[in-house]
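Right, one structure below, let's go through it.
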Amino acid sequence: MSFESWEALTPADLRRRGGAKWTTYPDALGTFIAESDFGTAPAVDRAVRERVEHASFGYSTKAERDAVGTSFSGWAADRLRWHVEPAQVGVLPEVLTSLELMLDHFSEPGTPVILPTPAYMPFFTLLRDHRREVIETPLLREGDGWMFDYEAIEGAFAAGARLFMLVNPANPTGTVFTREQLLPLVDIVDRHGGRVWADEIHAPILFDGRTHVPYASLSEAAAAHTVTATSASKGWNIPGLKCSQIVFTNPADRTLWRRAGRWRAHTVGYLGLFATIAAYDEGREWLDELTTHLQGHRALLGELIAEHLPRARHVPPQATYLAWLDLRDYGITGGLQSYLLREAGVAGTDGLLCGRDFDGFYRINFATPATILEELVARLGRALPA
Ligand SMILES: Cc1ncc(COP(=O)(O)O)c(C=O)c1O
């Protein structure tokens with residue numbers, strides 16, 4: 001299917017397709033989860049169909065899992081200017097599986113974890129499940145974007161934290177952190193003997209010709225204290241196929257991975273391996289088309305906000321397809337998500353789920369046909385007090 005045909009989809013078509021985004025709230029416009037309505041690359045589609053045609057649904061081999069490393073390495077060299085040996089790359093079903101592994105095996109047990117906020121909602125639950133205290137360090141507004149609160153991060157390490165969670169590009173703000181913004185973190189983490197879990201899942205979709213700087217590529221010190229998690233799941237829209245990548249830039253971690261990751265690597269989705277390889281090897285042009293398309297939607301969203309939500313504050317994202325709306329001026333506190341579900345028929349994400357300081361903020365997803373995006377923002381505008 002082409003972007004033109006994806007754009008023609010209605011909510012009813014999307015509900016028939018199934019999945020969390022469109023069927024969890026069957027009477028509302030689904031915009032609470034980071035999935036795109038624009039399908040995937042033809043190469044990914046072909047790779048999956050080929051397996052389906054031969055009912056090839058068996059266990060994966062080591063060679064098949066290793067092939068993901070080769071593809072990621074090619075992608076990283078071409079698009080991220082990052083030299084990664086295929087042998088440094090492991091596979092896991094999800095980026096969240098990689099965080100669990102990081103908490104259980106690659107960081108000091110029981111120590112608090114530093115999380116810049118606003119942040120991806122499930123992190124909070126997962127950290128609680130692993131009995132890790134979270135030290136939230138809210139991002140600060142700077143110019144036309146956001147930056148880290150280095151002082152707060154330094155203070156959290158001083159208070160006993162040992163693991164810093166870096167999400168770059170950030171969800172939900174869509175910030176692409178620059179080399180200059182990342183470098184001070186290397187120094188802070190290094191001085192405190194800390195570790196970084198770098199979640200770079202959103203790196204494939206970058207707007208305005210931006211480039212992604214992999215944190216582990218910044219210096220030898222950064223490489224040594226970092227474990228990187230990434231996936232083709234956002235760029236090519238295949239989260240249900242369950243194949244993420246974990247990149248080890250510290251030889252000791254790689255040795256530990258052979259033991260700690262042995263069984264987890266087996267739980268990766270078989271079709272996901274081939275979809276991921278196709279994405280990285282043959283899906284780059286399609287990704288560029290998607291990015292251009294999403295950039296158009298970002299502009300449309302800006303116009304819609306100006307028209308229907310004049311009191312909203314919004315920093316246009318530099319990456320991915322999530323928009324972080326500051327709706328505090330509308331005065332709906334402590335339940336914005338349920339208010340908008342009830343009054344607007346829109347199922348977005350409450351800012352409070354992204355961090356304790358974000359009551360009155362709201363996350364939506366603009367990877368949806370333009371007609372749906374128009375209806376969605378108009379509904380928000382009608383439901384919020386003038
Ligand atoms: C920053 C971030 N990390 C992780 C995930 C989840 O990835 P996975 O489904 O591979 O666990 C998401 C999904 O939206 C995300 O935005």
Side-chain angles (χ1 to χ4, degrees), residues 19-21 24 30-38 40 68 72 89-103 113-127 129-130 134 136 139 146 163-177 196-206 212 214-215 226-247 261 264-265 267-269 271-273 275-276 279-280 294 317-324 347-351 353-355 358 363-368:
K21 186 179 180 188
T24 305
T31 192
F32 66 97
I33 200 165
E35 276 178 34
S36 149
D37 295 330
F38 301 136
T40 190
V68 173
F72 179 78
V89 184
V91 289
L92 288 169
E94 299 183 335
V95 163
L96 287 182
T97 327
S98 137
L99 176 58
E100 292 196 295
L101 206 71
M102 189 78 201
L103 295 172
V113 175
I114 307 166
L115 180 61
T117 54
Y120 176 54
M121 310 73 76
F123 287 153
F124 297 93
T125 337
L126 192 144
L127 289 162
D129 288 350
H130 285 256
V134 182
E136 297 185 30
L139 294 171
W146 299 81
L163 178 63
F164 180 76
M165 286 173 63
L166 170 70
V167 180
N168 183 33
N171 167 6
T173 57
T175 313
V176 178
F177 294 108
V196 170
W197 180 71
D199 174 343
E200 302 188 351
I201 192 171
H202 290 288
I205 301 173
L206 302 174
H212 168 70
Y215 179 83
T226 303
V227 172
T228 304
T230 191
S231 178
S233 66
K234 299 293 157 195
W236 288 269
N237 202 29
I238 49 171
L241 292 178
K242 304 298 168 202
C243 177
S244 76
Q245 296 83 58
I246 185 162
V247 185
R264 299 274 183 100
T267 63
V268 78
L271 295 179
L273 294 172
T276 301
Y280 287 138
L294 288 173
Q318 300 165 335
T320 201
Y321 45 72
L322 302 167
W324 181 238
T349 303
D350 202 307
L353 297 173
C354 301
F358 299 97
R363 191 190 84 168
I364 62 170
N365 172 338
F366 57 90
T368 198

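Just so you know, residue 1 is the first one in the sequence shown, and it goes up from there. These numbers come from a predicted model, not from an experiment. Read the numbers this way: they start at 1 and go in the same order the structure lists the ligands and their atoms.
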Ligand 1 to Ala34, heavy atom cutoff 4.0 Å, flagged ligand atoms 14 (O)

For Lys242 and Val268, which heavy atoms make the closest approach, and how far apart are they? O-CG2, 3.3 Å

Are Leu96 and Phe123 packed together at the side-chain level, in the sense that at least one heavy-atom pair is separated by less than 4.5 angstrom? yes

If you measure from each heavy atom of His202 to ligand 1, is any distance below 4.0 Å? yes

Judged by modelled atom types alone, do Thr40 and Asn237 share a side-chain donor-acceptor pair under 3.5 Å? no

Under 4.0 Å from ligand 1, counting heavy atoms only, is it the side chain of Val167, its backbone, both or neither? side chain

Is it the side chain, the backbone, both or neither of Ser244 that has a heavy atom closer than 4.0 Å to ligand 1? neither

Could you tell me whether some N/O pair between Ser231 and ligand 1 is separated by less than 3.5 angstrom? no

Side chain or backbone, does Lys242 bring an N or O within less than 3.5 Å of an N or O on ligand 1? no

Taking every heavy atom of Met165 against every heavy atom of Pro116, the minimum-distance pair comes out as O-CD, 3.1 Å

Considering the heavy atoms of Lys234, write down every atom of ligand 1 situated less than 4.0 Å from one of them. 12 (C), 13 (C), 14 (O)

Taking both backbone and side-chain atoms of Val95, is any N or O found less than 3.5 Å from an N or O belonging to ligand 1? yes

Once you round to the nearest 0.5 Å, how far does CZ of Phe358 lie from OG1 of Thr173? 9.0 Å

4.5 Å side-chain heavy-atom contact, Tyr215 and Asn168: no

For Trp197, which of Val95, Leu101, Ile246 qualifies under side-chain contact (heavy atoms from CB on, under 4.5 Å)? Val95

Is Ile201 close to Tyr120 at the side-chain level, that is, under 4.5 Å between some pair of heavy atoms? no

Report the part of Ile201 in contact with ligand 1, treating N, CA, C, O as backbone and CB onward as side chain, heavy atoms under 4.0 Å; options are side chain, backbone, both, neither. side chain

Give yes or no for whether the N/O distance cutoff of 3.5 Å, strictly under, is met between Asp199 and ligand 1. yes

heavy-atom search around atom 5 (C) of ligand 1 in the protein gives Tyr120 CE2, 3.3 Å

Taking N or O atoms only and a 3.5 Å limit, does Leu96 qualify as a polar contact for ligand 1? yes

